[in-house]
Amino acid sequence: MPPAFAVYGIAGLLHMKTLKGDMMMTNKDIYKKTMTFSLHRLLYDLLAFLLLGVMGAAGFLLMERFSDRGLIGLGIGLLIGLFAVIFILRYVSYTYKAGQIAMMTKGVTEGKLPDNVLQEGKTVVKRRFTTVAVFFAVTNVIRGIFNQLSRGMNSVGRAVGGKNGEQIASIISAAIQTVVAYLCDCCLGWVFYREEQNAAKATCEGAVLFFKHGKTLMKNLGRVFGIGLLSLLVIGGAFCGVFFALFSRFPALFEEITADIGEVAIELEKSVPEILSNPQNVMLVCAIVAAVILWSILHSVFVRPFVLVGVLRNYLESGMNDIPAESSFAMLDSKSERFKKLHAEGI
């Protein structure tokens, strides 16, 4: 099933009105209007994914031809490709992600969007964050503040339950990381909304909002995980089948990879896991890995923005009805040095 179909199949879950009385934009309207950002991000993401595959394949073929060490070449190629992917995703597509959040915020708070949302989004991002460094400085502080909650959960789990508690805490931590990613985007949306404030103070306000209205915002958990799981099963499952069928056309390649795995294991005096001792299993593992990578791209481009609109709406509603006062910052000053430093910069 194409990703867009999966999104529209769950559209009714987040179909809500804006705060502006007569002016109304549903979450679906905002999502469709800002889809252009997602499509531009998809172009760069697929380019990065293709580059990663090409570099890995080139490394494998070169090393296999000249030294019969294709697996090592594959690793080197993927490592080089990974650096290129990080550069593309971090420093090229950031404008589209930030611009999309800015326009989503505008749609939620004002009930309307300009005709040329792409250009307006870029303009807003450049006006709010004059350089890439400023943008990442703010987002890194946001993530650092929210990650403290995750570290606190791990500490409690280890203290209460020992090893089992640590495992439970790790699961909770992984779940929190998913929520944190949404909260960081919501906090960024608040920074765009509070354009009259400097970025540092607006960031502090955004962080305080979560701690003041945590119960209200936690109701988004069902949406985040429910739709995420559905997306993984539908999109990831479909592409796993596609990749396995594609890889099945090159059995010799996976026989070589399996043989290389066996040789490396012998050199390292390690036993090969049973799942990696059969070319068909290796083919399946590669198909699953490729499908998950591609799913993560498609999910972040098509599905996640739709979920984000609903989460962002709840977040902004909470803040617009109760803008954090200076006195509210004290509770985080004592919990986070990064917050305290940023708070001082924003005063």
Side-chain angles (χ1 to χ4, degrees), residues 18-20 30 34 37 90-114 117-149 180-214 216-217 308-309 311-347:
T18 60
L19 303 175
K20 287 289 185 177
I30 296 172
T34 59
F37 292 98
R90 183 173 176 86
Y91 293 104
V92 176
S93 66
Y94 94 95
T95 299
Y96 297 109
K97 177 181 178 179
Q100 187 171 34
I101 293 173
M103 291 298 96
M104 285 180 175
T105 299
K106 188 178 183 68
V108 168
T109 58
E110 298 182 15
K112 59 181 180 180
L113 286 170
V117 292
L118 186 64
Q119 185 58 47
E120 178 66 16
K122 290 181 178 180
T123 300
V124 171
V125 172
K126 290 178 181 178
R127 185 167 65 240
R128 196 60 165 129
F129 302 107
T130 54
T131 66
V132 178
V134 174
F135 171 79
F136 283 109
V138 170
T139 54
N140 286 338
V141 169
I142 295 171
R143 184 170 294 277
I145 292 169
F146 287 128
N147 278 342
Q148 285 195 310
L149 179 61
V180 164
Y182 279 92
L183 290 175
C184 288
D185 288 348
C186 289
C187 194
L188 185 59
W190 181 260
V191 173
F192 284 120
Y193 172 67
R194 296 284 284 169
E195 191 169 1
E196 74 280 3
Q197 296 284 1
N198 65 55
K201 185 170 183 179
T203 300
C204 290
E205 290 179 345
V208 169
L209 277 179
F210 169 73
F211 290 94
K212 287 188 67 176
H213 303 280
T216 300
L217 300 174
L308 178 60
V309 177
V311 179
L312 182 63
R313 187 184 297 278
N314 287 336
Y315 187 93
L316 291 172
E317 284 180 357
S318 298
M320 293 169 70
N321 294 327
D322 183 19
I323 294 177
E326 184 65 27
S327 58
S328 302
F329 293 9
M331 64 178 179
L332 288 184
D333 279 338
S334 60
K335 296 180 180 180
S336 171
E337 286 297 323
R338 301 186 74 176
F339 179 89
K340 185 176 182 180
K341 181 179 179 181
L342 192 67
H343 180 198
E345 294 175 2
I347 296 176

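Model, not experiment: these values are computed from the prediction.
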Between the side chain of Tyr315 and the main-chain N/O of Leu209, is any donor-acceptor distance below 3.5 Å? no

Can we say Glu120 and Lys106 salt-bridge, meaning some charged N sits less than 4.0 Å from an Asp/Glu carboxylate O? no

Val117 side chain reached by Phe37 side chain, heavy atoms, under 4.5 Å: yes

Point-to-point distance, once rounded to the nearest 0.5 Å, from OH of Tyr182 to CG of Asn314: 13.5 Å

With a 4.5 Å cut-off on side-chain heavy atoms, are Trp190 and Thr203 touching? no

Looking at CE of Met104 and CZ of Phe192, how far apart are the two atoms once the value is rounded to the nearest 0.5 Å? 12.0 Å

With a 4.5 Å cut-off on side-chain heavy atoms, are Cys186 and Leu308 touching? yes

Minimal non-hydrogen separation, Leu113 against Met103, with atom names: CD2-O, 3.0 Å

Taking atom CG of Leu188 and atom CG of Leu183, what is their separation to the nearest 0.5 Å? 12.5 Å

Charged N to carboxylate O under 4.0 angstrom, Glu196 versus Arg194? yes

Atom CD in Glu110, atom OH in Tyr193: separation rounded to 0.5 Å? 9.0 Å

Does Thr34 offer a backbone N or O that forms a donor-acceptor pair with the side chain of Gln100 under 3.5 Å? yes

Just verifying a value: how many Å separate Leu312 CG and Glu317 CD, rounded to the nearest 0.5 Å? 10.0 Å

With a 4.5 Å heavy-atom cut-off, do Arg313 and Ile30 have their side chains touching? yes

Contact summary for Cys187 and Ala207, nearest pair of heavy atoms: SG-N, 3.7 Å

Would you say Thr105 and Leu316 make side-chain contact, with heavy atoms under 4.5 Å? yes

